[in-house]
Asks: 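The structure that follows is given in the form of structure tokens.
No hydrogens, no waters, no symmetry mates; every other heavy atom, side chains included, goes into these values.
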Amino acid sequence: MSGAAESDQGQYWCKGQRSGRPNSSQSSSAVSLSVKDLKPKPELRSDPAGTALTGNTVTLTCNTDLSTGWDFYWYKNTQDSEIKTTRTNSYSMKIDSVSDGGQYWCRAGRGEPVYYTQYSDELTLSVTESPKAVVTVRPDEHVFRGETVTLRCDIKWRGNTEWTYRWQIEQTGQHNHYNYNQNNQHKNTVSRSSTQELKISRVEVFHRGKYSCTGQMDTQISQRSDAVALTVSSDEAQAAVRVSPQPWLTEGHSVTLICEVPGSSTGWTFSWFRDADHLSDSSRGAGGSYTLSPAALQHTGVYTCRAERGEPAYSSQNSSAQPLWVTGVSASVRLVLRPSRSQHFSSDSLSLSCDSAGWTVRRYTHANTQDCSAQTGSTCGIQSLSTSDTGVYWCESESGEKRHPLNITVHGGAVILESSADPVIEGETLTLHCLHRSTISSILTADFYKDGSLIQNQTTGEMSIPTVSKSDEGFYYCKTKSRESPHSWISVRASSSSPLLVVGVSVGLTVFLLLLILLVLLLRHKKRDQHHNNQQTSTPVPTRSGESQLENVPLQSEPVSDVTYSEVTVKKKKSMDKADTMPESTNVTYSKIRKNMKKDINSAGPSDLIYTEINMKDEKKTKSKGFGLADVLIKMKSKEKRSGQSSESGDTLYSEVKQNTDRGF
């Protein structure tokens, strides 16, 4: 039947008959034929509906009310671009890129020639790049046995989309000393987990591995995260402490203690202890630094630290002890050594004593603080030293104050370095000797080193630094052809005597001397007044130490002005070069006294003026060290003034002291 019309619909059956024979077969079952006036139009749907993510699969369905026997044709972007023909009404395609998005249609067809249905309505498929999951680990990717570890899977995606999560673990290897079943059980637990966070309480070595995750939204799955390797140390965390710049320092300087956990640096907070007592001002930051600036004597002690992190908190083991020794600028209590050196041979004897009553000798050896084993009062005597006696010794009061710590090294070898156990004063001479056990005297030839660098080689067994400075501070040792001494830290301390202090004392003595001279002059002045009242003329008094002039003035009816002028100059010469010679004495005193009787037409009575000037001068600064020029000026005035017709008499004392330094010290 070609070109079926609606009028052709009805029931159809058939039967067969052989030619030449009257009989025919039975009729077939009736078939109902329905003819519709319009072509059917399928409906196109996608699963999932809406935006598709790359890496996922989208299924298109072409729904019709047609009977079986139809083929389905799929089109993209235009209805002329057929991309696929299927025997079923569904088409699944893998979304590899954003370009797989676009406009899609479908229709069905059957027969020969093919009869097609209408095209479906256009379906727009949106495709976007699939987000990638990210795994983070708290507290760190490297953890220690017993810590709590939390792994979190995060997916950055617009909106408040609800994701479910899937975890995967790849073991990095088996460990014979851990239970294999525990290992597999943990792996299966991780694979079944659908939570965003994966928490492992009290982590063990078998938990180590590479962890990754994905997120799922309906039928869409995110990209898998990069794997994060979780490593678990078989040991518990151990804190370690170090000191910068070095554990020996003078009060007033700065020092920093640094606490670390080797192999791990993330998320730790720190607590500090001195002599086992917790320090309330402990640093609580990730840096782990504890700074003393400026350091004081009470900061001397043995320091330890502890680290902790996580929730619940996991604590490391305490660090090994780090002694810190702060010495005073001027020791009120001294620890006296006999023999007085920092290094000693084993089997030798050593005496240590505190030079003040009420103080005992204590020591720190091999992480232990203890009293001296052979203590008698304030003296500790060790008859036969051993290497276990190496440590720090100090004086301690009953209240726990520590003073004058000294480092003692006991060596079992044949060579030691002889140096002072006390710091060297800046500007002094440092002398080192390389001693041999058999002779207890300097070795004939030895090399001397500072901080690992050779500073003097193959000379006598003695080395000297004439004028020590702060740059000479460091670790020193000596070395022969086959033997080497232990290393000793030699610290350099600034001189406690200041040039300003010396100058101050000098000026004080000078002022005292000048005041004494002034007192003598005042007494002389009073005597002159008495003599003037009794006599009408004065007699000049010459002197060889200076110049004295006196003008005679006859008595007049008018008031006279009596003036006395005295000048004393003290000149102190500094030591000069040999080429410079002075025939005179190095200390010369010049004195000038003038007394003038002058007429004052405006004054109503006598007016006495005493003027004294005393100069002390350092005239020359030589190559040797000396003090600057000092000028001291003392003035004394006594005046009587007249105002109108009345007269007033008054005595005024004026004193001025000046110190001038022409050159630096």
Side-chain angles (χ1 to χ4, degrees), residues 139-140 142-147 232-249 253-292 295 297-310 313-327 342-343 362-373 386-394 396 400 402 405-412 451-452 474-475 477 486-489 491:
D140 194 12
H142 175 73
V143 293
F144 298 88
R145 285 183 58 202
E147 285 198 81
V232 182
S233 174
S234 58
D235 300 320
E236 293 185 3
Q238 174 69 59
V241 64
R242 58 187 175 90
V243 62
S244 177
Q246 42 87 16
W248 289 89
L249 70 155
H253 292 182
S254 297
V255 67
T256 298
L257 295 150
I258 302 164
C259 191
E260 301 169 312
V261 178
S264 178
S265 60
T266 303
W268 295 101
T269 58
F270 300 89
S271 298
W272 288 93
F273 304 85
R274 180 172 63 233
D275 299 331
D277 295 328
H278 182 260
L279 296 173
S280 59
D281 59 344
S282 289
S283 171
R284 302 294 295 178
S289 295
Y290 185 75
T291 299
L292 300 171
L297 294 177
Q298 64 265 25
H299 293 139
T300 292
V302 179
Y303 289 77
T304 56
C305 68
R306 184 178 64 226
E308 63 180 36
R309 69 179 179 184
Y314 169 84
S315 297
S316 72
Q317 306 228 350
N318 281 12
S319 69
S320 57
Q322 172 61 62
L324 184 68
W325 309 108
V326 183
T327 58
S342 61
Q343 294 186 15
R362 301 204 73 196
R363 66 179 186 174
Y364 175 82
T365 59
H366 302 287
N368 293 315
T369 300
Q370 56 190 351
D371 292 330
C372 178
S373 57
S386 68
T387 55
S388 62
D389 291 316
T390 294
V392 179
Y393 293 73
W394 66 90
E396 187 167 321
K402 302 177 181 66
L406 296 177
N407 192 32
I408 303 298
T409 301
V410 181
H411 187 43
D451 297 331
F475 284 99
Y477 62 97
H487 297 205
S488 278
W489 174 264
S491 61

Asks: Between Ser289 and Thr291, is there a side-chain donor-acceptor contact under 3.5 Å, judged purely by atom types and distance?
Replies: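 There is no such pair between these side chains.
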
Asks: Just one of Cys305, Pro247, Cys259 clears the side chain to side chain contact (heavy atoms under 4.5 Å, CB included) bar with Gln322, so which one?
Replies: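 Filter result, single survivor: Pro247.
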
Asks: If you measure from CH2 on Trp272 to OH on Tyr290, what distance do you get to the nearest 0.5 Å?
Replies: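 Atom-to-atom, Trp272:CH2 and Tyr290:OH are 9.0 Å apart.
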
Asks: Would you confirm whether Thr365, through its side chain, and Gly391, through its main-chain N or O, come within 3.5 Å as a donor-acceptor pair?
Replies: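 Side chain of Thr365 to backbone of Gly391: no pair is present.
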
Asks: Just so I know, are the side chains of Asn407 and Trp248 near enough to count as touching, which here means a heavy-atom distance under 4.5 Å?
Replies: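 Side chain of Asn407 against side chain of Trp248, heavy atoms only: contact under 4.5 Å found.
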
Asks: Is there side-chain contact between Leu292 and Leu324, with at least one heavy-atom pair below 4.5 Å?
Replies: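 When only atoms from C-beta onward are counted, Leu324 and Leu292 do touch, with a gap below 4.5 Å.
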
Asks: If I compare all heavy atoms of Ser315 with all of Glu308, which pair ends up nearest, and what's the gap?
Replies: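 In terms of heavy atoms, the two residues are closest at OG-OE1, 3.6 Å.
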
Asks: Could you give the distance from CZ (Arg242) to CD (Glu260), rounded to the nearest 0.5 Å?
Replies: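 Spacing of CZ (Arg242) from CD (Glu260) equals 4.0 Å.
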
Asks: Measuring only between side-chain heavy atoms, which start at C-beta, is Ser233 closer than 4.5 Å to His142?
Replies: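 Yes. Closest side-chain heavy atoms under 4.5 Å.
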
Asks: Parallel, tilted or perpendicular for Tyr477 and His487, by the 30°/60° rule?
Replies: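 Geometry flag for His487 against Tyr477: parallel rings.
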
Asks: Can you name the closest pair of heavy atoms from Thr409 and Pro486 and give their distance?
Replies: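 Looks like CG2-CB, 3.9 Å.
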
Asks: So does Phe144 get a backbone contact from the side chain of Tyr314, meaning a donor-acceptor N/O pair under 3.5 Å?
Replies: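 No; zero donor-acceptor contacts below 3.5 Å.
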
Asks: For a side chain to side chain contact (heavy atoms under 4.5 Å, CB included) with Trp325, tell me which candidate from Leu297, Leu249, Leu406, Thr300 qualifies.
Replies: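 When side chain to side chain contact (heavy atoms under 4.5 Å, CB included) is applied between Trp325 and each of Leu297, Leu249, Leu406, Thr300, only Thr300 qualifies.
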
Asks: Without swapping roles, check the side chain of Gln343 against the backbone of Val410 for a donor-acceptor pair under 3.5 Å.
Replies: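 Not at all, since once roles are kept as given, no pair shorter than 3.5 Å links the two residues.
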
Asks: With rounding to the nearest 0.5 Å, note down the distance linking OG in Ser491 to NE2 in His253.
Replies: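 If I round to the nearest 0.5 Å, the distance is 10.0 Å.
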
Asks: Return the minimal non-hydrogen interatomic distance between Gly412 and Thr387, and the atom names on each side.
Replies: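 Taking every non-hydrogen atom into account, N-CG2, 3.9 Å.
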
Asks: Looking only at non-hydrogen atoms, find the nearest pair between Glu147 and Pro139 and report the distance.
Replies: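 Result for this residue pair: OE1-CG, 3.5 Å.
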
Asks: Minimum heavy-atom separation for His278 and Ser271, please, with both atom names.
Replies: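 Where His278 meets Ser271 most closely, the heavy atoms are NE2-CB, 3.9 Å.
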
Asks: For residues Ala307 and Val261, report the shortest heavy-atom separation together with the two atoms involved.
Replies: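 Looking at all heavy atoms of both residues, the closest pair is CB-CG2, 3.6 Å.
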
Asks: Hey, what do you get for CH2 (Trp268) to CZ (Arg309), rounding to the nearest 0.5 Å?
Replies: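 If I round to the nearest 0.5 Å, the distance is 4.0 Å.
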
Asks: Give me the one residue out of Thr390, Asp371, Asp389 that meets side chain to side chain donor-acceptor pair (under 3.5 Å) with Arg363.
Replies: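 Checked Thr390, Asp371, Asp389 against Arg363; only one passes side chain to side chain donor-acceptor pair (under 3.5 Å): Asp389.
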
Asks: In Å and rounded to the nearest 0.5 Å, what is the CZ to OG distance from Phe475 to Ser488?
Replies: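 Taking CZ in Phe475 and OG in Ser488, the distance rounds to 9.0 Å.
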
Asks: Measuring from Tyr303:OH to Asp275:CG, what's the distance to the nearest 0.5 Å?
Replies: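 Reported value, rounded in 0.5 Å steps: 8.0 Å.
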
